[in-house]
Amino acid sequence: MRKKFICGNWKMYKNQNDAIKFIKKFKPLVKKARAEIVIAAPFTLLPVLEKQLIKSNIKLAAQNLFYEKEGAFTGEISARMIKDFADYVIVGHSERRKYFHEDNELINKKIKAALDEKLKVIFCLGESFDERNLAVTFDVVHKQLAEGLDGISSENLKNIIIAYEPVWAIGTGRNATPAQAEEVHFFLKQELKKIFGTDTRIIYGGSVTSENAASILKMPNVDGCLPGGSSLDTVKLAKIIKSF
Ligand code: PGA
């Protein structure tokens with residue numbers, strides 16, 4: 001069986017001191033883990049974490065990027081800058097869609113910019129609470145998938161991991177049930193096969209905990225998970241990683 005992909009999303013938590021403490025405690029806990037492990041850290045922590053993680057089985061992700069290669073874009077960070085420290089970048093997280101008004105077109109530009117620099121992409125999508133209640137989940141995720149991946153080659157699809165993150169489950173303590181996650185993952189894999197002739201890994205995010213991870217991760221089309229809150233604690237994250 002292929003290794004599961006577990007990415008902890010630290011969001012805007014932890015300073016340098018917190019991050020170093022975390023990593024020193026976390027590394028031995030997951031040394032022999034069977035999963036692929038990634039920490040998505042704030043930009044400021046990537047250089048120090050990279051040093052701490054030399055020769056370790058833990059990889060790094062940035063949580064965002066700007067799509068231009070370089071230029072007068074005060075406050076922005078390019079794929080090339082991230083590539084110095086990390087292998088992955090998260091694109092399209094619902095918090096960026098909500099607070100920074102990122103739409104599918106912008107997300108598509110960011111995905112292409114990341115792939116151009118050989119960064120691997122963790123591409124997030126998912127429906128809102130209202131959309132689920134209106135029974136339009138499949139329409140919404142189809143549109144996010146098709147527009148987000150517009151113009152991307154099937155060859156490049158293997159450098160993209162899709163994260164299904166229903167917005168109503170993020171930070172709410174109300175995770176999707178294993179069956180709800182599996183249903184959408186299955187649908188997305190079918191859609192990918194229709195568009196690209198092949199599929200890619202799909203991980204689940206939204207209130208994943210050390211208690212519910214095992215039941216979600218055992219679903220056949222759930223290739224990993226993206227815990228936020230639970231990734232801030234070494235023991236909780238290690239438990240998720242070892243839960244299957
Ligand atoms: P959560 O966050 O696990 O705290 O719900 C997941 C995410 O936003 O990626």
Side-chain angles (χ1 to χ4, degrees), residues 4-14 18-19 22 26 30 35-43 45-46 58-65 86-102 107 110-111 114 120-129 131-132 137 140-141 144-145 148 160-178 180-182 184-185 188 201-217 219 222-244:
K4 299 279 184 189
F5 183 95
I6 315 288
C7 177
N9 177 10
W10 281 2
K11 309 194 180 189
M12 199 176 73
Y13 291 98
K14 298 194 191 294
D18 304 330
F22 178 103
F26 182 62
V30 296
E36 281 182 59
I37 308 167
V38 177
I39 300 282
F43 291 130
L45 299 177
L46 294 176
I58 304 162
K59 303 269 184 258
L60 288 172
Q63 299 173 8
N64 180 34
L65 80 161
D87 295 314
Y88 294 87
V89 61
I90 296 179
V91 180
H93 193 280
S94 67
E95 286 150 15
R96 297 221 50 96
R97 292 179 192 257
K98 178 175 172 194
Y99 299 117
F100 304 96
H101 314 293
E102 295 197 7
I107 288 162
K110 290 188 172 194
I111 293 176
K120 294 193 175 84
V121 172
I122 301 165
F123 167 35
C124 302
L125 47 77
E127 80 287 3
S128 67
F129 183 70
E131 288 162 346
R132 179 155 281 264
T137 296
V140 171
V141 296
Q144 290 172 330
L145 186 80
I160 300 174
I161 288 163
I162 296 183
Y164 169 56
E165 297 212 305
V167 180
W168 48 269
I170 295 178
T172 57
R174 234 188 98 203
N175 60 288
T177 63
Q180 282 173 326
E182 172 63 18
V184 179
H185 286 221
L188 288 170
R201 288 186 283 180
I202 306 186
I203 63 175
Y204 168 79
S207 297
V208 174
T209 64
S210 40
E211 285 81 40
N212 63 27
S215 60
I216 298 172
L217 288 168
M219 302 312 281
V222 177
D223 301 307
C225 64
L226 183 52
S230 302
S231 75
L232 298 171
D233 180 279
T234 49
V235 175
K236 286 184 186 163
L237 184 59
K239 264 197 189 158
I240 292 173
I241 289 166
K242 293 178 185 164
S243 69
F244 52 90

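Just follow the structure's listing: the first ligand is 1, and inside any ligand the first atom is 1.
Minimum interatomic distance between Ile6 and Gly224 (heavy atoms only, all atoms of both residues): CD1-CA, 4.4 Å. Counting all heavy atoms, side chain and backbone alike, Arg96 lies closest to Lys110 at NE-NZ, 4.3 Å.
Of all the atoms in ligand 1, the ones that sit under 4.0 Å from a non-hydrogen atom of Gly229 are 1 (P), 3 (O), 4 (O). Distances below 4.0 Å separate heavy atoms of His93 from the following atoms of ligand 1: 7 (C), 8 (O), 9 (O). Each of the atoms 3 (O) of ligand 1 lies under 4.0 Å from some heavy atom of Pro227. For ligand 1, the atoms closer than 4.0 angstrom to any heavy atom of Glu165 are 6 (C), 7 (C), 8 (O), 9 (O). Atoms of ligand 1 found under 4.0 Å from any heavy atom of Gly206 (numbered from 1 in listed order, with element): 5 (O). Counting atoms of ligand 1 from 1 in the listed order, those under 4.0 Å from a heavy atom of Leu226 are 6 (C), 9 (O).
Heavy atoms from both the backbone and the side chain of Ile170 come within less than 4.0 Å of ligand 1. Here Ala169 has backbone heavy atoms under 4.0 Å from ligand 1, and that is the only part of it that gets that close.
Ligand 1 has an N or O atom lying under 3.5 Å from an N or O atom of Lys11, backbone or side chain. Looking at Gly228 next to ligand 1, an N or O pair under 3.5 Å apart turns up.
The closest approach between a heavy atom of Ser207 and any atom of ligand 1 is below 4.0 Å. Residue Ala163 places every heavy atom at 4.0 Å or more from ligand 1. The closest approach between any non-hydrogen atom of Gly205 and ligand 1 is not below 4.0 Å.
In this structure, the side chains of Cys124 and Ile90 come closer than 4.5 Å at one or more pairs of heavy atoms. The closest side-chain heavy-atom distance from Ile58 to Phe26 is below 4.5 Å.
Using a 4.0 Å cut-off between charged side-chain N and carboxylate O, Glu165 and Arg97 make no salt bridge.
Given atom 5 (O) of ligand 1, the protein heavy atom at minimum distance is Gly171 N, 2.6 Å.
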Quiz item: Step by step, would you call Val91 with Leu65 a side chain to side chain contact (heavy atoms under 4.5 Å, CB included)?
Solution: CA-CA 8 Å; Val91 180; Leu65 80 161; 3.8 Å; yes
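For the 3.5 Å distance criterion, the side chains of Trp168 and Glu127 qualify, holding a donor opposite an acceptor.
A 6.0 Å sphere centred on NZ of Lys242 holds more than 12 heavy atoms belonging to other residues, nucleotides or ligands. Crowding of Lys236 atom NZ: a count of heavy atoms from other residues, nucleotides or ligands under 6.0 Å not exceeding 12.
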